[in-house]
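A short write-up of the structure that comes next.
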Amino acid sequence: MGARRLSSGGRGLDLPVARRGNAPTPQPEYTHLAFSVDRAAFDDCAEAIRSCNVVLWKENRSEGDSLYFLDPDGHKLEIHAGDLRSRLAALRQQPYEGLELYD
């Protein structure tokens, strides 16, 4: 098994590659990596991602703008215009079924 490096803004993350040659397909669980993007940069960042013909795996129903997409190896990724604090505040106001928040 190899790895691919996802990098932006001088930071990197190595993601495992378990298969080759197959079209990316999302796994049924919700687990994914989310990256905060400045609101001012969100639209340009989302357009750059969409221009790569990515597979979208979820429609945004959360607080703020988000784009949920698969990388070429099928990893679930998200860019979000906001941060963890704003996301948690919204979830506390309107939790979804089965959500468990720990303080």
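Throughout, numbering of the chain's residues begins at 1 and tracks the sequence.
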Look only at the side chain of D71 and the backbone of D73, and say whether a donor-acceptor pair between them is shorter than 3.5 Å. yes

When every non-hydrogen atom of L101 is compared with those of R92, the smallest separation belongs to CD1-CG, 3.6 Å

Can I get a per-line list of side-chain donor-acceptor pairs under 3.5 Å for residues 40-55, giving both atom names and the distance, sequence neighbours left out?
from	atom 1	to	atom 2	distance (Å)
D43	OD1	R39	NH2	3.2
D43	OD2	R39	NH2	3.2
S51	OG	A48	O	2.7

Residues in side-chain contact (heavy atoms from CB on, under 4.5 Å) with S66, at least two apart? N60, S62, Y68, E78, H80, R87

With sequence neighbours left out, write down each residue that passes side-chain contact (heavy atoms from CB on, under 4.5 Å) with L84, or none if nothing qualifies. L88

By side-chain contact (heavy atoms from CB on, under 4.5 Å) - contacts of L33 (at least two apart): L13, L15, F35, L77

E59: side chain to side chain donor-acceptor pair (under 3.5 Å) partners, not counting sequence neighbours: none

Using 0.5 Å steps for rounding, measure from the NE2 atom of H32 to the NE2 atom of H75. 14.0 Å

